[in-house]
Amino acid sequence: MDKIFVAKRVAKKLFETEAAVDSAMVEASELMSEMLKARKDVNTSLVFADDVQVKMMEALKALSEARTAMVAVHTELNDAKLRLGIRTKMDFENKPAEGAAREQTVMRDVG
């Protein structure tokens, strides 16, 4: 198989993975925000469910570390591309648009 097609296939999956990690970070951040608002809305003390908030921050930290690792993967794959002799800057038509990996949830009135 031609190296350029293999590189495109890997790049497509890389872009999808990067978008998925970013999407997971957004979702986790929104969950944290909702948890904090919920605590305030039900008028509980700051110590209520504090252990849950600590775990949520640990999850966000892990997602941030995963994102940093994906940036390193991207850099390494770019270097590998050059070592394979693929020297042109490739414009992948399948690269997802910013925010495209996140599906939109549509709510509708039922009843």
Next on the checklist: Among residues at least two apart in sequence or on other chains, which ones pass side chain to side chain contact (heavy atoms under 4.5 Å, CB included) with V71?
Outcome noted: R67
Item to check | Residues which pass salt bridge (charged side-chain N to carboxylate O under 4.0 Å, His left out) with E65, listed by chain and number, not counting sequence neighbours | outcome: K61
Checklist entry - Does K81 use its side chain to pair, donor to acceptor, with the backbone of A7 at less than 3.5 Å? => result no
Checklist entry - Linking Ile, Leu, Val, Met, Phe, Trp and Tyr by side-chain heavy atoms under 4.5 Å, what else ends up with V54? => result none
Checklist entry - Does any N or O in the side chain of S23 come within less than 3.5 Å of the main-chain N or O of A19, such that one atom is a donor and the other an acceptor? => result no
Checklist entry - side chain to side chain contact (heavy atoms under 4.5 Å, CB included) with A24: which residues, sequence neighbours excluded? => result L63
Checklist outcome for this item: Going by chain and number, the hydrophobic cluster around L60 (ILVMFWY, side chain to side chain under 4.5 Å) further includes L31, M32, M35, L36, V52, M56, M57
Checklist entry - Do the side chains of H74 and F15 get nearer than 4.5 Å, heavy atoms only? => result yes
Checklist entry - Listed by chain and number, what are the side chain to side chain contact (heavy atoms under 4.5 Å, CB included) partners of T17, not counting sequence neighbours? => result K13, M70
Item to check | Side-chain cluster (under 4.5 Å, hydrophobic types only) that V47 belongs to, other residues | outcome: none
Checklist entry - In Å, rounded to the nearest 0.5 Å, how long is the span from CE of M25 to CD of E30? => result 12.0 Å
Item to check | salt bridge (Lys or Arg N to Asp or Glu O under 4.0 Å) pairs, two or more places apart, involving residues 38-58 | outcome: none
Next on the checklist: I need the L82 CG to L77 CG distance, nearest 0.5 Å.
Outcome noted: 11.0 Å
Item to check | Non-neighbouring partners of D2 that pass side chain to side chain contact (heavy atoms under 4.5 Å, CB included), sequence neighbours left out | outcome: I4, F5
